[in-house]
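In what follows, a structure is listed as structure tokens, so that the remarks can point back to it.
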Amino acid sequence: MINIPANATTAQIKSLIIKGGEFKFASNVKYKLTDTIKIPSNTKINLNGSSLRRYHSGPLLRLVDSKNISGYGGTHDVTITNGTLEGMNGSAYPYSPNSLLTMFHAKNITLTNVKFLDIPGCHAIDCCACKNVTIKNCKFEGYYSVGNDFREAIQVDYGYYGGLPTYAKGSPCYDMTRCDTITIDGCSFGKSKTFPAQYIAIGGHTIGCDNKYHTNIVIKNCTAEGNGGKNGTDTGFISIANFKNITITNNKIKNYNRFILVRRVDKTYDKDSNIKDKSLQKNVVNLTVKDNTIESHKGVAARWGIYCDVTLADGITVANNKGMTEESCYIKGKNLNIKYVK
């Protein structure tokens with residue numbers, strides 16, 4: 001165990017953590033970070049009730065990656081627990097939008113009891129081409145909007161240039177890898193003392209041209225109070241784009257423009273972000289929505305429950321969701337098993 005002292009500078013923290021191992025920050029300290037902290041494989045970080053505060057334009061934390069990684073061959077076996085990652089420092093917005101935690105081609109990542117505070121116009125977590133990611137008992141509070149309200153607090157994205165344009169187009173890392181086995185359990189989403197809630201809590205908004213899917217996504221036991229739908233009707237608690245085998249259960253939701261939005265395929269992208277024709281993919285396969293509670297709706301969407309205007313959607317099961325009526329939903333597709341609570 002390496003203890004990080006209360007007076008550690010950004011440079012000192014970077015030089016320690018880049019070596020990997022087990023780290024414990026001093027208790028209840030607000031660390032001012034002036035550069036991205038890069039985290040390698042086999043690393044455990046206990047924030048110990050402290051806050052890491054972003055005073056620069058890049059991601060606050062980023063798992064180590066490179067232009068040559070592919071599949072799930074990046075950083076692995078990382079745990080972050082018990083503290084706050086803060087994007088805005090409680091002041092006026094001073095930086096370009098960026099994520100608080102970026103991970104690319106990573107696997108076996110666990111985040112527990114972490115608060116993501118005042119997300120600066122981007123994602124709290126950018127989960128791109130990753131496998132075996134567990135986000136448990138985390139809080140997502142506050143979002144500074146710069147007109148990009150399509151961005152999710154937790155983004156599930158694939159390995160293409162537009163997702164993380166760090167390296168040159170054509171680099172091996174842009175291989176269209178999708179996420180697999182992502183679990184979001186017992187998390188909360190809402191406003192902070194300074195900023196409103198993010199318009200979309202979880203999901204994705206871009207679609208690859210190769211008819212592949214993010215697979216095995218579980219969203220359960222979460223609570224969320226949204227901020228309506230500023231950006232037309234294209235927002236909601238969950239935004240589905242290329243998901244297969246997704247279970248959404250035992251969540252309690254209020255004040256979102258929609259509960260679940262299954263995105264239509266207006267355009268698709270290749271690995272270098274070139275726009276391609278519409279794909280014939282089903283966009284969502286094997287979606288189960290059960291035992292959720294929708295307490296209230298806020299926004300302009302008439303169909304605020306589940307909106308799935310995707311004819312090729314395949315295998316949607318809806319059961320025992322309190323507060324979500326047939327009139328609130330619009331669901332196309334085949335192999336539908338829909339039961340509304342009267």
Side-chain angles (χ1 to χ4, degrees), residues 110-116 119 123-125 127 133-143 151-156 179 181-191 196-205 214-229 234-241 243-263 284 286-299 301 303-308 313 315-326 328-331 337-341:
T110 301
L111 311 172
T112 307
N113 295 322
V114 177
K115 179 189 286 189
F116 295 82
I119 301 159
H123 312 289
I125 300 172
C127 180
V133 176
T134 299
I135 304 167
K136 186 175 178 63
N137 296 337
C138 292
K139 297 180 179 181
F140 300 82
E141 298 180 359
Y143 177 71
R151 286 177 167 160
E152 309 82 8
I154 302 173
Q155 177 176 228
V156 178
C179 289
T181 312
I182 310 297
T183 300
I184 302 164
D185 182 6
C187 295
S188 65
F189 301 82
K191 64 182 180 180
Q198 197 150 352
Y199 290 97
I200 304 176
I202 303 164
H205 55 269
H214 303 293
T215 53
N216 305 317
I217 313 295
V218 176
I219 302 166
K220 62 182 181 179
N221 306 322
C222 295
T223 59
E225 183 169 356
N227 191 34
D234 211 20
T235 56
F237 174 60
I238 298 172
S239 171
I240 292 176
F243 286 8
K244 183 177 182 178
N245 302 335
I246 173 173
T247 299
I248 302 167
T249 185
N250 199 37
N251 302 287
K252 184 177 287 187
I253 308 302
K254 64 188 299 185
N255 291 350
Y256 279 88
N257 187 51
R258 283 197 171 106
F259 175 33
I260 299 171
L261 169 66
V262 180
R263 290 187 174 270
V284 62
N286 299 337
L287 167 65
T288 298
V289 183
K290 65 179 183 178
D291 300 326
N292 300 284
T293 300
I294 298 86
E295 292 187 346
S296 59
H297 152 250
K298 179 181 178 182
R303 301 300 184 105
W304 49 262
I306 300 172
Y307 189 84
C308 178
I316 299 178
T317 298
V318 177
N320 196 36
N321 297 286
K322 296 179 181 178
M324 189 174 70
T325 64
E326 182 175 0
S328 73
C329 296
Y330 182 81
I331 303 174
N337 182 13
I338 312 296
K339 295 181 181 178
Y340 296 103
V341 176

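No hydrogens, no waters, no symmetry mates; every other heavy atom, side chains included, goes into these values. This is a predicted model, so every value here is computed, not measured.
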Q.
List the residues meeting salt bridge (charged side-chain N to carboxylate O under 4.0 Å, His left out) with Asp291, not counting sequence neighbours, and say none if there are none.
A. none
Q | Nearest-0.5 Å distance that lies between atom CG in Asn250 and atom CG in Asn292 | A | 7.0 Å
Q.
For a 4.5 angstrom cut-off between non-hydrogen side-chain atoms, does Glu152 reach Ile202?
A. no
**Q.** Exam field: side chain Asn321 to backbone Ile294, donor-acceptor pair closer than 3.5 Å
**A.** no
Q | Geometric class of the Phe237/Phe259 ring pair [parallel <30°, tilted 30-60°, perpendicular >60°] | A | parallel
(Q) Which heavy atom of Val284 sits nearest to which heavy atom of Ile246, and what is that distance? (A) CG2-CG2, 4.5 Å
Q) Can you find a pair of side-chain heavy atoms, one from Cys179 and one from Val133, that are under 4.5 Å apart? A) no
Q: Say whether Thr112 and Asn137, considering side chains only, have a donor N or O and an acceptor N or O under 3.5 Å apart.
A: no
Q) Nearest heavy-atom pair of Gly204 and Arg263: which atoms, and what distance? A) O-NE, 3.2 Å
Q. Rounded to the nearest 0.5 Å, how far apart are CD1 of Ile253 and CD of Glu295?
A. 9.0 Å
Q | Beyond-backbone contact of Cys329 with Tyr340, side-chain heavy atoms, under 4.5 angstrom | A | yes
Q.
How close do His214 and Ala241 get, counting heavy atoms only, and between which atoms?
A. CD2-O, 3.6 Å
Q) Do the side chain of Asn221 and the main chain of Asp185 share a donor and acceptor less than 3.5 angstrom apart? A) no
Q. Less than 4.5 Å apart, any side-chain heavy atom of Ile338 and any of Ile316?
A. yes
Q: Report yes if the side chains of Thr288 and Thr249 come closer than 4.5 Å at any heavy-atom pair, otherwise no.
A: no
Q: Compare every heavy atom of Met324 with every heavy atom of Trp304, then report the nearest pair and how far apart it is.
A: CH2-CA, 4.4 Å
Q) Could you give the distance from CD1 (Ile306) to CD1 (Ile260), rounded to the nearest 0.5 Å? A) 4.5 Å
Q: Decide yes or no for Ile248 and Leu287: does some side-chain heavy atom of the first lie under 4.5 Å from some side-chain heavy atom of the second?
A: yes
Q) Considering all heavy atoms of both residues, which atom of Phe243 and which atom of Gly203 are nearest to each other, and what is their separation? A) CZ-CA, 4.1 Å
Q) With under 30° as parallel and over 60° as perpendicular, where do the rings of Tyr199 and Tyr143 fit, or are they tilted in between? A) perpendicular
Q. Taking only residues two or more places apart in sequence or in another chain, which ones pass salt bridge (charged side-chain N to carboxylate O under 4.0 Å, His left out) with Lys139?
A. none
Q | From CA spacing to verdict: side chain to side chain contact (heavy atoms under 4.5 Å, CB included), Ile154, Phe116 | A | CA-CA 10 Å; Ile154 302 173; Phe116 295 82; over 6 Å; no
(Q) When you measure from the side chain of Ser188 to the backbone of Ala224, do you find a donor-acceptor pair of N or O atoms at a distance under 3.5 Å? (A) no
(Q) Rounded to the nearest 0.5 Å, what separates atom OH in Tyr256 from atom CG in Asn227? (A) 9.0 Å
Q: Any chance you could measure Cys127, atom SG, to Leu111, atom CG, to the nearest 0.5 Å?
A: 9.0 Å
(Q) Are the side chains of Ile240 and Ile217 in contact, using a 4.5 Å heavy-atom criterion? (A) no
Q: With rounding to the nearest 0.5 Å, note down the distance linking CD1 in Ile200 to CG in Leu261.
A: 7.0 Å
Q: Would you name the heavy atoms of Lys191 and Glu141 that are closest together and state the gap between them?
A: O-CB, 3.6 Å
Q: Please confirm whether Arg303 makes a cation-pi placement over Tyr330, using NZ or CZ under 6.0 Å from the six-membered ring centre and within 45° of the ring normal.
A: no
Q: Return yes if some donor-acceptor pair links the side-chain N/O of Asn257 with the main-chain N/O of Ala301 below 3.5 Å, else return no.
A: yes
Q | Sequence-distant partners of Gln198, side-chain hydrogen bond (donor to acceptor under 3.5 Å, both in side chains), two or more places apart | A | none
